[in-house]
Amino acid sequence: MVDISPTEVAVQSKARPGTYRPSAPSGESIQFKRNIFLQTERTGARTNEKTSKREKGVESPFITLSGELRTQYTTFLEGYLRNLRDVNRDNPAVLRTANHRHDREILQRLTNAAGEPDEAKIQEFLKQPEGWMIATQVLEYQTALKIFSLGLVAAARKPNDPKELRDVTMIGNDVIRIGVEQGILNRFYQEKIVPHLRSIAKVAGTAGLSTGAYAYLGSAVAGIVNFFNPGAEMTPEQGALLAAAIPAAIMGGKRSLDSLIRDGITVDLRQSSRTLTYMRNNPTEATFVKAMTGIDVNDFQVVNPTRIIARNDRALESTHVAEMKTEIVQALYTRQEFYTSIGVPIERLDALPEQFLYRYDTGQMEQTGTRWQSRIQEAFRREGGILDAGGNRPSDPLFDANNLATEDNLRRFMRARRRVIVEMTQDLVRREVEQKELPEAKKAVDEKITQRGETGEVRRQRVDQLNTDQTALQTELTSLQTYETDLTKRGTRRDELDRQVNVARNELTAASQRISSATMPGGYANYLEAIAALQRVFQEGAGARRVTVDGRIISPTTNRRIRLEEERATLIQNVRTANPQRAGEPDNVYNARITPLLTPINLRIDRRLAVVDEDVTFINETIASLRSLQTTIQTRQTELANHEASSVPNAEQAVQNLDQMGRDFATVTALEAAAVAAGLAAPGLTEADLLAQPYGEIARRINALHAAGRARLAAAGGPITIGWPEQDNAQQDIRLRVHRTMAEARARRLPPASAVAAPSADFTAAINDWRLSEHQLRSHTVEELFRLINAENTRSGGARGWDAANNNAANQARVEQAIADARGRLDRRRQALDEHITSLRQTTQERGGQTQRELDNLNLAKALMDRQGEIFNAASEMSVLNINRFTSTEIVPNTDADFTPAEWNAGYEQGYFELINLLFDYRVQTDREARFRQIQAQLPPLRLAGLLNDSLGLRLIDPATAPPGTAATRILTLPNVLDTVRSQFNRGRLSSWEMRGAFSDIINTYRDQALAT
Amino acid sequence: MKMATKDIIKVLPFDPEFKSKLLSDFDTLDPDQKFTIEQIVWDAYYALYQLKLEENLQLALARAGKNKESLDDTLYKRVREQTEQEMQEEYVKGTTQADLSATRDTIQSMIKSKKGIS
């Protein structure tokens, strides 16, 4: 015997988290009109809400679903949604198949953005009668799956194994009964449900019912068999499971939980083996079953139709058998609670619906009395109802319950179902036309497209505002850059003037030093003394002094000139004396005679006088040169003084911008402390947040803080104004405040810290004590700053700065540190602003790109949704006669005149072009090539291949996950998809029906994607 | 065979009055209503097809149990073809009847109109 009691398991078990969660018991009951669920019965009886028994009196027009029941449903739905979430995460293709479209709809509608079950949505869902109906269908199907899976485990038991399942009994050769311990229900209820009843908070929001609701309502009448849709790959053997699936699922119990406890769960091995075979040949369903029940069908194998064994060639991966058994009981119990709550007598319930067609115990379908069941039942009754092989009705004494006319019953029952499907469809269409309850998907998509258009609000907020901000910030940056450039130019000019002064000064000094005299043999240090020495050469008499210039000795010139004239006179006189004028000798004769004697003397003296003249000229030139150098020095010094006295262009605006960055940073970061002080949650506006978060998030936090401030309760001090409201973000000066704050935060992180974040003590003293501005520190020389500091010292009576006597090296070092900090602050802020603008530009481009991509996707979705009717029509025309065209894998040659160069160049298979033309009708559009490129970007061949593969259940394997050795023909590529579709069309496994469904899936995929944008 | 949404509406056995109004209003419906209704009616028609296919498969298997049906490789294909054939016949019959009915209504309307004029 093998024990599968809740504490022991038959196969390797591992706990599956999330099945049960402890929580506080609570719950609110909810009332509905009875006739929403049930046919109105005016029998004069009423149903006791506690015992579900009918009592005398007037039947209440309302039914009450208890808080406990709602909690059970909630718990069940949450577990179901978590399993679906896992399926969607690990094998998203499963939920994209037609078989599980309803699961996907439910998953999308009842989970939050993170994919977790959303309690608010679930509660809202359960406020609607359809929610209960749908949840009940899900519960029944999930239970059927679990019973089937548990049957596998039981069937795989090993004889003589001491761990063999306990309470397993073979009924005949092919039916197995798995006992459920007496009292398990009570234990289960007491131990599992009561402690875990959860508090259900008030909920907001809505969980709309759309095609998902329709899918489940359809399932309600189409029956469990629909869930076992064999798909396109079904073989005849697998086809047999269509019949097998129902009994495998529904024979889990008899009429009620009492009988379940009494008789246990009964599984028909014939059905299980067929179902198992089907499951194992259908990886999608196997994946789904494993995710939902924890049972891996690949752990088992069919030996013969009545024997299933556990495979020995692999480690069992099935899990939580014991928990599953408990879940089955829980689900059946919950289901019973639901039906009895809405007034269905317990004796009318089967453990699961549709049991009566195969196992006739009560003479009729289970009597839940739900509207949909009543409609099927009534339709079936009109079709003749259940008959035995002899055509006898159950009311006939000759009726043989063991020899049913199953085929005929089935045929008529199916017909009844079809009728009810039509009726329900009509109801849905009528409601859609008259009440407009369904989501307005197309309007929503249109609105999203408009919002992202050239003048749309989304584009304006995402892109246009940021572009404008970029321009404004760029202006500020330009101002800073110009200011910085001007400062640099200013420094360069100052340096040049300094250099020129120094050069002239050095030349003057050098020139002076080259002049020496007897009193200054080493040369003069002062040019004025040098000039005086030079000028003394010209003096007459004793005051004249010899001077040496560049080694050229120049004796006093005036004295020399006098001496030479005296010498000339003496020599001439000597000649005249030696050669006196003869008596009577005329003067002219005498002069003619003596002149030749005098001429050499004059020439000699004149030559020596010329040397004196040269010396005079040289001295004068030297003096002029010295004076010229001095003039140059004075001129440059004047220029320098004028330069220093001039203002820096653009300084005012730049300084204002720089100051504004600091002020905005202080304003925004102060909100953090202000919020906490006001008893509000910290908004997250620290320096680190400003660095880590994008602009939009910072703005959002400030807006949220403002909203929180306005909403502050009276007890906490009442509303306050802090931050600013969202609508203020439309003002550019408000946005720039955030941008400057972010840039300042960036500047504060640029090294060195002393630049912006932590200025030196000298810089702080310069601003606060010496009363200098940052601009003065950046633009003035140390000497100038000394003067300003000395002036401040005088102005303050010695309280601030220092006097001129203290313009020493130590104070110079302090001033130089302050200058370096001031320049660093400008440089880092300019750099940070530049980086912020670059970042903003990138963000804007990304947002623009994102917006454009969204717009393209939305337009694609819109095109598909607009063309839905035409697409369905076109799909209905697909057949073996034209499937070759739609599935051609021939690459379009560049000679085919039916295609454009863009299409030739794409190098795709012809089938791709045919399929996208079916979907978009792009060939007849005037901008065919542009349209093609859009489609090519949004629905490329591999994407189309993936969608068709999932929807049609082609089972081609994603190359990323394909195991080594996978045949090339089994890899997911467009050619393989086209080949498979064509092959299956020709083999009768696919038809226009499935293609229509696949196109519908594609439309809905893009619709969902668009709505989630 | 090419099918259109309105043709499917014609085929589905809705209440005649409702069907007539739906058909006449269909082209002017709100885009979202039209989108949703297209999905509902095509899904419904597909569900009917599936049910018919299920029924035919189960009946075929039952026949096979009595050696009246061959469980060979073409069983599923045969059953599908049979089902599609039956659906098409119902479709043609349904659309024809609906068109005839509409024509009849039009003629009656014209006759009444003429009577009104005279």
Side-chain angles (χ1 to χ4, degrees), chain A residues 210-211 214-215 218 222-223 225-226 229-230 234-240 242-243 406-407 410-411 414-415 417-419 421-422 424-426 428-430 432-433 436 438-444 446 865-866 868-869 872-874 876-877 879 987-989 991-993 996-997 1000 1003-1004 1007, chain B residues 1-9 12-15 18-19 21-22 25-26 29-64 70-81 83-84 87:
Chain A
S210 170
T211 50
Y214 167 71
V225 68
N226 255 14
N229 181 351
M234 191 181 71
T235 65
E237 291 71 27
Q238 289 165 347
L242 289 169
T406 305
E407 294 167 35
L410 180 67
R411 192 193 312 272
M414 290 292 195
R415 199 150 55 216
R417 277 178 168 169
R418 283 197 293 275
R419 183 165 298 161
I421 281 184
V422 168
M424 294 186 74
T425 301
Q426 180 171 312
L428 281 168
V429 172
R430 192 190 302 276
E432 167 63 18
V433 171
K436 291 288 295 116
L438 298 178
E440 297 182 334
K442 292 185 79 169
K443 283 193 183 70
D446 283 343
M865 292 169 75
D866 285 347
Q868 178 177 253
F872 288 175
N873 297 350
S876 71
E877 282 193 291
S879 70
R987 289 155 66 192
R989 292 178 184 174
S991 70
S992 60
W993 298 96
R996 200 285 309 178
S1000 179
I1003 294 169
N1004 287 333
R1007 176 203 63 187
Chain B
M1 182 177 66
K2 183 171 185 177
M3 296 190 292
T5 307
K6 287 175 76 172
D7 288 337
I8 289 178
I9 294 172
L12 291 172
F14 290 151
D15 293 340
F18 172 74
K19 182 190 291 189
K21 183 162 183 2
L22 180 60
D25 293 350
F26 186 76
L29 283 174
D30 173 272
D32 272 301
Q33 288 178 315
K34 196 171 174 183
F35 180 77
T36 306
I37 290 171
E38 277 171 353
Q39 294 211 345
I40 291 173
V41 298
W42 279 86
D43 283 350
Y45 198 61
Y46 181 65
L48 293 178
Y49 165 78
Q50 283 292 101
L51 273 180
K52 189 80 177 167
L53 180 62
E54 310 295 349
E55 176 186 342
N56 286 340
L57 271 169
Q58 293 189 49
L59 292 174
L61 290 166
R63 286 196 302 276
S70 172
L71 279 178
D72 56 24
D73 286 348
T74 62
L75 170 69
Y76 184 68
K77 188 176 182 182
R78 287 201 308 275
V79 173
R80 278 196 71 139
E81 286 172 353
T83 306
E84 289 191 14
M87 291 296 286

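Here is the naming used below: chain letters follow the sequence lines, and residue numbers restart at 1 for every chain. Side chains included, hydrogens not; waters and symmetry mates left out as well; all remaining heavy atoms used. If you're wondering where the values come from, they're calculated on a predicted model, not measured in any experiment.
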A:Ser991: side-chain hydrogen bond (donor to acceptor under 3.5 Å, both in side chains) partners, not counting sequence neighbours: A:Glu994, B:Arg80, B:Glu84
Taking only residues two or more places apart in sequence or in another chain, which ones pass side-chain hydrogen bond (donor to acceptor under 3.5 Å, both in side chains) with A:Asn873? none
Tell me, do B:Phe35 and A:Ile1003 make a side-chain contact under 4.5 Å, heavy atoms counted? yes
Quick one: pull up CE in A:Met865 and NZ in B:Lys34 and give me the separation to the nearest 0.5 Å. 13.0 Å
How many angstroms lie between NZ in A:Lys443 and CG in B:Asp30, if you round to the nearest 0.5 Å? 3.0 Å
Rounded distance (nearest 0.5 Å) linking atom CH2 of B:Trp42 with atom OG of A:Ser876: 4.5 Å
Student check: side-chain heavy atoms of A:Trp993 and B:Met87 closer than 4.5 Å: yes
